[in-house]
Student: 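The structure that follows is given in the form of structure tokens.
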Amino acid sequence: MSAPIRTFLLGLAAVAGCAPHVQTPAAVPVTAARWRDASPDTGAPDTGAPDTGALVTTWRAFGSPELLELLARARARNADLAIATARLVQARGQLGLARAAGRPTLSGAVDAGLGRTGRTGFRADDRTVGLNIAYDVDLFGQARAGKRAARARLAASTFDREATMLVVEAEVARAFIEHAGLGARLRLLAQGLTNARELDRIIGVRVREGAATRVESGLQRIEVRRIEAEISRLEEAQARTRNGLAVLVGDEAPSFAMPATRWESLHPPAISAAQPATLLVRRPDIRAAEARIAAAAGDVSEARAAFLPSLRLAMGAVLETGPLGVALSAITGLVAPIFDGGRRRGQLDTATGVQLETVEQYRRGLLVALGEAENALAGVAQSARRSALLNESVTVARETARLARSQYVEGAADLQVVLDAQRGALDFAEAAVVARQDRLISAIDLYRALGGHPSSAL
């Protein structure tokens, strides 16, 4: 090896040692071994990543073809999902730019000289055709760091789209269940209103016969109006839910038609959660946050490499129509930064701060994910318990209301007893529907909290 080359390499090594060293923190692990509110079969190991097939299978387990239809429409037309797809396209473009930074560039030029030809105009004199090739040698990995960062951002955008799809589908399912639950409650209230009006008619007859008072008639009419007002409130809530579904599936609310469904045909699927640590590979939002840590670390490496020299190799060829003919040139340039007023230091500090922020965002997202899963597990367990208790109460309350009404017609019971019994029966029936709705929604929340990939096949 010649002395100049040795001197050159030693100089590069010395300059490389002068670049600032930055210690980038890594993502935090999950230390919890199992869920607080897990069932006995929960905790089976599962390292599968979320996939669309698992999503479709889970939604099918609810037993509603109408829900599957709405989900398909949301996947095709939801605005948030389209935005996430557009961002994925942008990330691919940024990766293409990063890859191009480490490749040679080829440029050409044609130059034609013009001269006067007396009074007739212009004529072409000499013509020059040039071809230049330039290549920036990535001595210290600046271009490679940029490509790593771009690849990580593309991965983050991919996971962001998966997370958006999971959120959109979960919101569609929630709104669908809420709409169906409101419909079931409205049917109960409609039946209750029919019974209340019939009792109001009976009381009116008894008032005319002198067997009841106008106070009793007034109390029953108040009960009728109370039920009518509750029906109005639930109809408004159902309309709002329907309009929200229209937005989710990408339709205009005025023309959106809500598909009918049978409330009794909906069933909550049994979803078994794996260990808490599996959220790291199952939740797409956590994986996106992890990819952003890698992207930010690439930015730090790229900013650090900016302190080091850059080497450019260039070759050119020029063909002239004049007497010079062909001219070839080769240029090698080594550029080392000396003083830039602190710009590179500022860029490195900024990149380092962003990397620290991504780690904390990852940690926050992980804590939120663990909390969401715990809430969903508690919701699944407690809503099932409430549903069972209320279903038992509904049977007793309906029988009590029937007996109280019969006794009142026979003159053996007070009207207030009938009113309390009928109101209790209707309230318990509504509460049972709400508890069943909570069971269905808790299953949706658990599936979403686990990242869309349950450990048991549904």
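What's counted below: heavy atoms across the whole structure, side chains too, no hydrogens, waters or symmetry copies.
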Student: Which of these passes side-chain hydrogen bond (donor to acceptor under 3.5 Å, both in side chains) with Q361: R364, R363, E357?
Tutor: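 The residue from R364, R363, E357 that satisfies side-chain hydrogen bond (donor to acceptor under 3.5 Å, both in side chains) with Q361 turns out to be E357.
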Student: Kindly check if the number of other-residue, nucleotide or ligand heavy atoms within 6.0 Å of CZ (R240) is above 12?
Tutor: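 No, not enclosed.
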Student: Do the non-hydrogen side-chain atoms of F428 and R398 ever get within less than 4.5 Å of each other?
Tutor: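 No, too far: nothing below the 4.5 Å cut-off.
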Student: Using a 3.5 Å distance criterion without hydrogens, assess whether the side chain of S265 forms a donor-acceptor pair with backbone atoms of T261.
Tutor: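 Between the backbone of T261 and the side chain of S265 there is no qualifying donor-acceptor contact (under 3.5 Å).
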Student: Can L88 and F159 be said to form a side-chain contact (heavy atoms from CB on, under 4.5 Å), step by step?
Tutor: CA-CA 9 Å; L88 181 60; F159 292 130; over 6 Å; no
Student: For S383, does its backbone N or O pair with a side-chain atom of S387 as donor and acceptor, under 3.5 Å?
Tutor: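 No, S387 side chain to S383 backbone: no donor-acceptor pair under 3.5 Å.
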Student: For residues R423 and R226, determine if any side-chain heavy atom of one lies less than 4.5 Å from a side-chain heavy atom of the other.
Tutor: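 Yes, at least one pair of side-chain atoms sits under 4.5 Å.
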Student: Are side-chain heavy atoms of W59 and Y447 found at a separation under 4.5 Å?
Tutor: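 With C-beta onward as the side chain, the pair touches.
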Student: Checking the side chain of T194 only, and the main-chain atoms of A190 only, is there a donor and an acceptor separated by less than 3.5 Å?
Tutor: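 Yes, because the side chain of T194 sits within donor-acceptor range (under 3.5 Å) of the backbone of A190.
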Student: Report, as yes or no, whether the 6.0 Å neighbourhood of atom CZ on R73 holds more than 12 heavy atoms from other residues, nucleotides or ligands.
Tutor: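 Yes, CZ of R73 has more than 12 neighbouring heavy atoms, counting only those of other groups under 6.0 Å.
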Student: Quick check: does any side chain N or O of R283 sit under 3.5 Å from a backbone N or O of A449, one acting as donor and the other as acceptor?
Tutor: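 Answer holds: yes.
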Student: Please determine whether the number of non-hydrogen atoms from other residues, nucleotides or ligands lying under 6.0 Å from atom CD of E252 exceeds 12.
Tutor: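 At most 12 heavy atoms, drawn from other residues, nucleotides or ligands, come within 6.0 Å of this atom.
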Student: Could you tell me whether the side chain of E216 and the main chain of T213 form a donor-acceptor pair under 3.5 Å?
Tutor: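 Yes.
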Student: Does atom CZ of R221 have more than 12 heavy-atom neighbours, drawn from other residues, nucleotides or ligands, at distances under 6.0 Å?
Tutor: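 No.
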Student: Is a donor on one side and an acceptor on the other found under 3.5 Å between the side chain of R436 and the backbone of W263?
Tutor: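 Yes, R436 side chain to W263 backbone: donor-acceptor pair under 3.5 Å.
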Student: Please walk me through it: do R292 and R153 pass side-chain contact (heavy atoms from CB on, under 4.5 Å)?
Tutor: CA-CA 6 Å; R292 288 191 176 90; R153 286 194 174 89; over 6 Å; no
Student: Within the supplied structure, the quantity of interest is the number of heavy atoms (other residues, nucleotides, ligands) at a distance under 6.0 Å from R385 CZ; does it exceed 12?
Tutor: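 It does not: R385 CZ has 12 such atoms or fewer within range.
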Student: Are R77 and V249 close enough that some pair of their side-chain heavy atoms sits under 4.5 Å apart?
Tutor: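 Not in contact.
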Student: For the side chain of Q220 and the backbone of A196, is there at least one donor-acceptor N/O pair under 3.5 Å apart?
Tutor: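 Flag set: sc Q220 to bb A196 pair under 3.5 Å.
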Student: Looking only at atom types and distance, does a side-chain atom of R282 sit under 3.5 Å from a main-chain N or O of L450, one as donor and one as acceptor?
Tutor: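 Flag set: sc R282 to bb L450 pair under 3.5 Å.
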Student: Judged by atom type as modelled, is there a donor-acceptor pair below 3.5 Å linking the side chain of E162 to the main-chain atoms of P284?
Tutor: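 Absent.
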Student: Flag the pair N78 / M165 as yes when at least one side-chain heavy-atom distance between them is below 4.5 Å, and no otherwise.
Tutor: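 In short, these two side chains do not touch, never coming nearer than 4.5 Å.
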Student: For a quick test of reading the model, state the closest non-hydrogen atom pair linking G181 to Q437 and the distance between them.
Tutor: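 Residues G181 and Q437, closest heavy atoms: CA-OE1, 3.5 Å.
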